[in-house]
Protein chains: 2
Amino acid sequence: MTRGTTDTRASEPRTSEARQRLLSTATQIFYADGIHAVGVDRIIAEAKVTRATFYRHFPSKDDLVVTYLQEVHQMDRGAITAAIAAHSTAADSLLAIADTIAAGIKRPGFRGCAFLNAAAEFPDVNHPVHQQIIAHRQWFLDTLTTLMAQVAEDSSDAAARHFVMLRDGAMAAGCLFDPDLVVDTFMRGIEGLVRIHGQREQATQ
Amino acid sequence: MTRGTTDTRASEPRTSEARQRLLSTATQIFYADGIHAVGVDRIIAEAKVTRATFYRHFPSKDDLVVTYLQEVHQMDRGAITAAIAAHSTAADSLLAIADTIAAGIKRPGFRGCAFLNAAAEFPDVNHPVHQQIIAHRQWFLDTLTTLMAQVAEDSSDAAARHFVMLRDGAMAAGCLFDPDLVVDTFMRGIEGLVRIHGQREQATQ
DNA sequence: CGAACTTTAGACCGAACGTTCTACCCGCTA
DNA sequence: TAGCGGGTAGAACGTTCGGTCTAAAGTTCG
C-alpha cells in the first residue's frame with residue numbers, strides 16, 4: 001500500500017523481506033566478528049539469501065557496511081533521543097544517556113562501539129565508511145554540547161568532549177575488562193563531570 | 001660472537017637482517033592499515049624479502065601479528081619506564097606518562113592504540129592475539145595502580161582505572177577528531193584526576 | 001492472461017588469500 | 001673442503017574473496 005505509481009516517493013522498494021534479513025544479519029555479524037573478517041558468502045548464507053539477491057539490494061559489500069553503520073546510528077539516535085525526552089532537566093538527560101551507555105556495556109555480547117571498531121578497520125579518511133563514522137561522532141558530540149550548554153553555558157564544549165572521552169574509553173574497555181568495573185568507573189566519572197559542570201552555573205550566574 | 005656452541009643460550013638466531021626488516025615493516029603496515037586488510041604478499045614485498053624467508057622466521061601470519069604486538073608492547077613499556085625513572089614523585093610520573101601519551105596522539109601518522117585496533121579485529125577471547133592485548137592492558141593498569149597507590153593508598157584502583165579510561169578515550173578519538181582538542185581534554189582530565197586523588201592523601205593521613 | 005518484479009539456484013570470473021615447495025646461491029665455520 | 005643455515009627466486013597449492021551472469025520459479029497486479 002501507498003506504493004501507488006503516482007506517489008512522489010515511488011520507485012523505492014525500501015523494505016523487502018530479503019533486504020531486511022540481509023541487513024539485520026550483517027549488523028549482527030559485522031558487530032560480533034568484525035568487517036574485513038567476514039565475507040559476503042557468510043552473510044548471504046546466514047541471511048538465507050542468494051548472491052544475486054544480495055547484489056540486487058547492495059551495489060557492493062562496502063555499501064552494505066555503510067548501511068550497517070547507518071542502522072547502528074539510527075539505534076543510538078533513538079535511544080539517546082528517548083533518554084532526553086524522558087527527563088526534564090539537561091543534567092538528568094546527561095545522566096540518563098550515561099545510564100543507557102552503561103546498560104549497553106553490561107549487555108551480554110557487548111563488543112565495543114561499532115564505530116570505533118569500524119574505524120580501526122577503515123583508516124582511510126576519504127573512505128565512505130570512515131566518513132560515516134566521523135558524521136556519527138559529530139552528531140553525538142553536538143548533542144552532548146547542547147545539553148551541557150543547558151546545564152552551564154561556560155565551557156560546555158570542553159565538558160561535552162570530556163563526556164565523549166569517558167564514553168569512548170568505557171566502550172573500548174568494556175569488552176576487554178570486567179564490564180562491571182568499567183561501568184562503575186565510567187559512571188563515577190560522568191557523575192563527577194556533570195556535578196562539577198553544574199557548579200559552574202551557580203558560580204557564574 | 002658469544003654464539004659459541006657451549007653457550008647456554010645458544011641456538012637462538014634472534015636477530016637476522018631479514019627478520020628485523022620483516023618485523024619493522026609489518027609493524028608500520030599493520031598499525032597504519034590494519035591487520036586483516038593487509039596480506040602477507042604486501043609485507044614481504046615492502047620488506048624486500050621472499051615468501052620462503054618469511055615462513056622461515058614466522059610459522060604463520062598470526063604469529064607475525066603476535067610478534068608485532070609484542071614489539072609495540074616493548075616500545076610502550078620502554079617509554080613509560082623512562083617516564084617513571086625521570087621523575088622523583090609518583091604524581092610527576094603519572095603526569096609524565098600522560099605527556100608521553102599526549103605526544104603520541106599529536107604525532108603525525110597517529111592511528112590510535114595498536115592494541116585497541118587489534119582488539120576490534122580479533123574479538124575471539126581465546127585467540128593468541130586477543131590474549132596479547134589483555135596482557136598488555138593488565139600490565140598498564142598494574143603500573144598505574146602502583147603509581148596511584150604511591151600518591152594515595154585509598155581508592156588507587158579506581159583512580160588507575162579512571163586514568164586508563166581517559167587514555168583509551170583519547171587514543172580512540174585522537175585520529176577521529178582534532179588531536180589538539182583531544183589532547184587538551186585528556187590533559188585537563190588527567191591533571192584533575194591526579195590532583196583530586198592527591199588531596200585524598202592529605203585527608204586520610 | 002500476461003507483464004513486471006523479486007527471489008532462487010548455481011555456475012563462473014579473475015584476483016588475492018595464506019601456505020608449501022623445489023632449486024640454487026652465498027658466507028660462515030668445523 | 002665439506003657442510004650447514006640463511007637467503008633468493010619463483011612456481012604452485014587449494015581456498016576464499018568480491019562480484020557477474022544465466023535460467024527458472026514465484027508473486028503481484030493491471
Side-chain angles (χ1 to χ4, degrees), chain A residues 1-7 9-26 29-30 33-68 118 121-122 124 127-129, chain B residues 1-7 9-26 29-30 33-68 118 121-122 124 127-129:
Chain A
M1 46 195 73
T2 75
R3 192 72 54 76
T5 52
T6 56
D7 192 329
R9 38 180 232 292
S11 76
E12 37 172 317
R14 265 289 151 264
T15 44
S16 107
E17 188 87 20
R19 187 198 148 97
Q20 219 152 355
R21 223 175 326 136
L22 222 23
L23 182 53
S24 79
T25 304
I29 300 184
F30 281 154
D33 290 0
I35 298 171
H36 289 323
V38 328
V40 174
D41 285 16
R42 189 177 154 203
I43 291 169
I44 64 175
E46 296 202 18
K48 291 186 183 358
V49 155
T50 31
R51 202 179 294 281
T53 304
F54 173 89
Y55 282 102
R56 177 182 308 280
H57 292 290
F58 302 96
S60 70
K61 185 192 174 185
D62 276 9
D63 284 83
L64 176 65
V65 176
V66 169
T67 311
Y68 148 63
E121 298 204 57
F122 293 83
D124 180 5
H127 196 287
V129 169
Chain B
M1 47 197 75
T2 74
R3 192 72 54 78
T5 52
T6 57
D7 192 333
R9 39 179 230 291
S11 75
E12 37 172 315
R14 266 288 151 264
T15 45
S16 107
E17 189 85 21
R19 187 198 149 97
Q20 220 151 355
R21 223 175 327 136
L22 222 24
L23 183 53
S24 78
T25 304
I29 299 183
F30 281 153
D33 290 359
I35 297 171
H36 289 323
V38 326
V40 173
D41 286 17
R42 187 176 156 206
I43 292 169
I44 64 176
E46 296 201 19
K48 291 189 183 358
V49 155
T50 14
R51 225 180 238 65
T53 304
F54 173 89
Y55 282 100
R56 178 184 306 281
H57 293 290
F58 302 95
S60 71
K61 185 193 174 185
D62 275 9
D63 285 83
L64 176 65
V65 176
V66 170
T67 311
Y68 149 62
E121 298 204 57
F122 292 83
D124 180 5
H127 196 289
V129 169

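Values in this document were obtained by computation on a predicted structure and should not be read as measured data. Chain letters run A, B, ... following the sequence lines, proteins first, then strands; residues in each count from 1.
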So which nucleotide from D:dG7, C:dT7, C:dC21 ends up closest to the side chain of B:Thr53?
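Nearest listed nucleotide: D:dG7.
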Within-4.5 Å side-chain heavy-atom neighbours: [X] and [Y]:
| X | Y | result |
| --- | --- | --- |
| B:Val49 | B:His57 | no |
| A:Glu121 | A:Val129 | no |
| B:Val40 | B:Leu64 | no |

Taking [atom1] from [X] and [atom2] from [N], how many angstroms apart are they, rounded to a whole number?
| X | N | atom1 | atom2 | result |
| --- | --- | --- | --- | --- |
| A:Leu22 | C:dT8 | CG | C1' | 14 Å |
| B:Arg56 | C:dT22 | CZ | C1' | 13 Å |
| A:His57 | D:dG19 | NE2 | P | 16 Å |
| B:Arg19 | D:dG6 | CZ | P | 12 Å |
| A:Phe54 | C:dT8 | CZ | P | 14 Å |
| A:Glu17 | C:dT8 | CD | C1' | 15 Å |
| A:Tyr55 | C:dT8 | OH | C1' | 17 Å |
| A:Gln20 | C:dT7 | CD | C1' | 16 Å |

Using modelled atom types and a 3.5 Å cut-off, is there a donor and acceptor pairing between side-chain atoms of B:Glu46 and backbone atoms of B:Thr25?
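Not confirmed, B:Glu46 side chain does not pair with B:Thr25 backbone.
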Counting only side-chain nitrogens and oxygens, does A:Ser16 get under 4.0 Å of the OP1 or OP2 atom of C:dT7?
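The answer is yes; a side-chain N or O of A:Ser16 sits under 4.0 Å from OP1 or OP2.
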If the sugar-phosphate is the primed atoms plus P, OP1 and OP2 and the base is the rest, what is the B/S/- string for nucleotides 12-17 of chain D, using protein heavy atoms under 4.0 Å?
-----S
Identify the two heavy atoms, one from A:Ile35 and one from A:Phe30, that lie closest to each other, and give their separation to 0.1 Å.
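What the structure gives for the nearest pair is CA-CD2, 3.8 Å.
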Residue pairs, two or more places apart or on separate chains, that pass salt bridge (Lys or Arg N to Asp or Glu O under 4.0 Å) and touch residues 48-57 of chain B
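Found B:Asp41-B:Arg51.
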